[in-house]
Amino acid sequence: MTSQPTPTADPIPAEDTNWWRSAVVYQIYPRSFADHNGDGTGDVRGMIDRLPHLAELGVDAIWVSPWYPSPLADGGYDVADYRDIHPDFGTLEDADAFIARAHELGLRVLIDLVPNHCSDEHPWFQAALAAGPGTPERELFWFRDGRGVDGELPPNDWQAMFGGPAWERVIGPDGRGEQWYLHLFDVRQPDWNWAQPAVADEFDDILRFWFDRGIDGFRIDVADSMAKDPDLPDVAHGTSNLTKSVGSPLWDRPELDVIHRRWRAVADEYADSPQGARVFVSEAVLPAARVAHYVTPERLHTTFNFDALLCEWTAQSQRHMIQLSLQVHDAVGAPCTWVLSNHDRVRVATRYGKPITGVAYGPEGGSREFTPLEEEEIRAMPTDVALGLKRARAAALLELALPGGAYVYQGDELGLDEVDDLPEESLQDPTWERSGHTVHGRDGCRVPIPWSGTTSPFGFGPGGEPWLPMPARWAGQTVADQEHDPTSHLALYRAALAERKRNPALGDGTLSWVASDAHVLDFTREPGFRCIVNFGPDAVPIPADARVLIHSGDPNSGRVETDEAVWLAI
């Protein structure tokens, strides 16, 4: 059962209608943020308990990953009910209290929308299974007859993102195989058919349900995937549909424009409310030049810039990536939204300690994702943890100095590394099963974060084993350990976010490059701000007439060493 929305207490003021153009947003993964009741699983009351940490950190908003009822076949991205809270996480009343408390602390709240697929336990999909072939209930999803003599082959050659074919055959009441249904992700995540008006109407209502409860926006899961070629053709030339090539029958299709504009119109209905603008951020792993179309006027507000996450740690690639990203976003009047990490990616401190840190970028871009097998190979490479942490500190200053908004994944403010030695029996990511236990998946970045103490569960909850085991090596990296250490990773984030709030040069705007060594990024922002990031082997002197605001290394050294960054007042 769902309850009626209750108004938020003291909604945050709406004076700045463009708050989203500069916002720093902190991602909460509910299962792993804070456990209030001691059952080993994070919950909404735990999130409320820890909101002061985020207010003190200095972020502007929070993005909550799916908190809906779900069998958790894909960490909550298999939604069984879009208008309620998973009972392990709490209740709708808890969600209302969370939104209200966040607003009291000056923090806006975004939640996840998962529009490409639902859970196979969703009532509409269960009704479709029961209704049988040729019924209106099945038209809400992608049910199709199979190929072959008896329909024993999938309708086309599409592959699922988590491994194996993107089609699952339904077994009828008589025990015989009948139609197949499409699932671009896990077999328990059937894709919605957005060509059906009832689907679009349903998601309009879902948006309004949560906007009426006081949320400030949505992060759109796989925002490039809802539209499919209705003919469902095989992927041309035998290539994999996972590459998201131009003209794909299932990715980044022109029909998305209508869907995005419809959502924007719903959000704009709330523009004159006391709370102000309700916004969207798109998750679409595409090159910047393509994803910029998602943030043209009257479509979505912002989109994650995954080029920043995928880019290798070199001055040349970073410069090309930044320049192209700013150029294509400026052409449509949208801010860049920088992202270094999230619940799907190897943690920054580990990624930057690997021999391979990303992909190379040239003047025309160069974005591509590593395949799961490539990622598995990189994951197995040795990690220089000290190097990764040093680079992660510099990367944080670079990200937060660039024009636009930024996202911080929970635990990155502590410099947490990837837990890549989880016991196999604890792994829950669907990739692990779908790959035949060859690809470990994303659990290593989803381990609960440590708050205090010297042993597991590190203050995550009052007791009980966490749903994923926490490594003993995190002793000394908890929030409590770093709280009063001026050299800690947490202190660096707090200082940078505080400076970002008070410095008019930071946030939305432009930058100007300063001529520099090929291994150095050097840029200014007006008024009176300069950022230097050193990727090269030789130290770079800090100009004598500049004042150090924040340094990722030693602020008194007078120089920027290899893999360090500095913010200067000029």
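Between Trp67 and the options Phe33, Trp210, Tyr77, a ring-ring contact (aromatic ring centres under 6.0 Å, His included) holds for only Trp210. Looking at Ile532, Leu397, Leu398 one by one, the single match for side chain to side chain contact (heavy atoms under 4.5 Å, CB included) with Trp567 turns out to be Leu397. The only member of Lys228, Arg290, Lys244 that meets salt bridge (Lys or Arg N to Asp or Glu O under 4.0 Å) when paired with Asp252 is Arg290. No option in Val514, Leu568, Thr510 other than Val514 meets the side chain to side chain contact (heavy atoms under 4.5 Å, CB included) test with Thr524. Only one option out of Arg351, Arg345, Arg442 pairs with Glu375 in a salt bridge (Lys or Arg N to Asp or Glu O under 4.0 Å); it is Arg345. Exactly one residue among Trp20, Phe304, Tyr26, Tyr409 makes a ring-ring contact (aromatic ring centres under 6.0 Å, His included) with Trp63. That residue is Phe304.
When side chains are defined from C-beta on, Arg31 does not count as touching Asp43, because their heavy atoms never get closer than 4.5 Å. Within the 4.5 Å cutoff, side-chain heavy atoms of Asp229 are placed close to those of Arg253. A 4.5 Å side-chain heavy-atom check between Pro403 and Leu326 finds at least one atom pair inside the cut-off. Considering only heavy atoms from C-beta on, Leu402 comes within 4.5 Å of Leu511 through its side chain. Counting only heavy atoms from C-beta outward, the side chains of Leu256 and His293 never approach each other to under 4.5 Å. Side-chain contact check for Tyr294 versus Val332: every heavy-atom pair is 4.5 Å or farther apart.
A side-chain donor-acceptor contact under 3.5 Å links Asp216 and Gln275. His36 and Asp49 form a side-chain donor-acceptor contact under 3.5 Å, judged by distance and modelled atom types alone. The closest side-chain donor-acceptor pair between Gln189 and Ser119, if any, does not fall under 3.5 angstrom. Counting only N and O atoms by type, the side chains of Asp112 and Tyr68 include no donor and acceptor under 3.5 Å apart. In this model, a donor atom of one side chain and an acceptor atom of the other lie less than 3.5 Å apart for Asn305 and Ser325.
A cation-pi contact, defined as under 6.0 Å to the ring centre and within 45° of the axis, links Arg319 to Trp513.
Arg446 has a carboxylate O that lies under 4.0 Å from a charged side-chain N of Asp344, or vice versa, which qualifies the two as a salt bridge. Here Asp78 does not pair with Arg188 in a salt bridge; the nearest charged N to carboxylate O distance is not below 4.0 Å. Ionic pairing of Asp257 and Arg261 is present here: one or more N-O contacts between side-chain nitrogen and carboxylate oxygen are shorter than 4.0 angstrom. Asp60 and Lys501 are joined by a salt bridge, as a carboxylate oxygen and a charged side-chain nitrogen come within less than 4.0 angstrom of each other. In this structure, Glu202 pairs ionically with Arg83, as a charged nitrogen and a carboxylate oxygen lie closer than 4.0 Å. Using a cutoff of 4.0 Å between basic side-chain nitrogens and carboxylate oxygens, Arg262 and Asp201 are scored as salt-bridged. No salt bridge links Glu413 with Arg494; every basic N to acidic carboxylate O contact stays at or beyond 4.0 Å.
Of the possible donor and acceptor atoms, none in the side chain of Gln159 sits under 3.5 Å from a partner among the backbone N and O of Ala166. Looking at Arg278, its side chain does come within 3.5 Å of a backbone N or O of Phe211 through a donor-acceptor pair. For Ser225 (side chain) and Val222 (main-chain N/O), a donor-acceptor pair under 3.5 Å exists by modelled atom type. Counting only distance, with no hydrogens or angles, the side chain of Arg219 and the backbone of Val64 share no donor-acceptor pair below 3.5 Å. No donor-acceptor distance shorter than 3.5 angstrom exists from the side chain of Asp508 to the backbone of Gly404, with no hydrogens or angles considered. A donor-acceptor pair is defined here as one N or O able to donate and one able to accept, closer than 3.5 Å; no such pair exists between the side chain of Trp263 and the backbone of Arg299. Under the 3.5 Å distance criterion, the side-chain polar atoms of Arg347 are left unmatched by any main-chain donor or acceptor of Glu418. Within the 3.5 Å criterion, the main-chain N or O of Gly507 finds a donor-acceptor partner in the side chain of Arg525.
When the shell of 6.0 Å around CD of Glu312 is examined, it contains more than 12 heavy atoms from other residues, nucleotides or ligands.
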>> Does Leu309 form a side-chain contact (heavy atoms from CB on, under 4.5 Å) with Leu340? I'd like the steps, not just the answer.
In response: CA-CA 5 Å; Leu309 186 153; Leu340 294 177; 5.8 Å; no
>> Set out, in order, the CA-CA distance, both residues' side-chain angles and the distance that settles side-chain contact (heavy atoms from CB on, under 4.5 Å) for Thr303 and Thr337, then state yes or no.
In response: CA-CA 6 Å; Thr303 185; Thr337 302; over 6 Å; no
>> Assess the residue pair Asn503 and Leu549 against the criterion (side-chain contact (heavy atoms from CB on, under 4.5 Å)); give the C-alpha distance rounded to whole Å, side-chain angles, the decisive distance to 0.1 Å, and a yes or no.
In response: CA-CA 10 Å; Asn503 195 321; Leu549 297 172; 4.0 Å; yes
> Does the pair Trp192 and Met226 meet the rule for a side-chain contact (heavy atoms from CB on, under 4.5 Å), with working shown?
Replying inline: CA-CA 7 Å; Trp192 291 106; Met226 287 82 69; over 6 Å; no
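For an aromatic pair to be called close, the ring centres must be under 6.0 Å apart, and Tyr407 with Trp338 fails this. In this structure, Trp251 has its ring center no closer than 6.0 Å to that of Trp158. The aromatic ring centroids of Phe203 and Tyr82 lie less than 6.0 Å from each other.
Using cut-offs of 30° and 60° on the angle between ring planes, the pair Trp124 and His122 is perpendicular.
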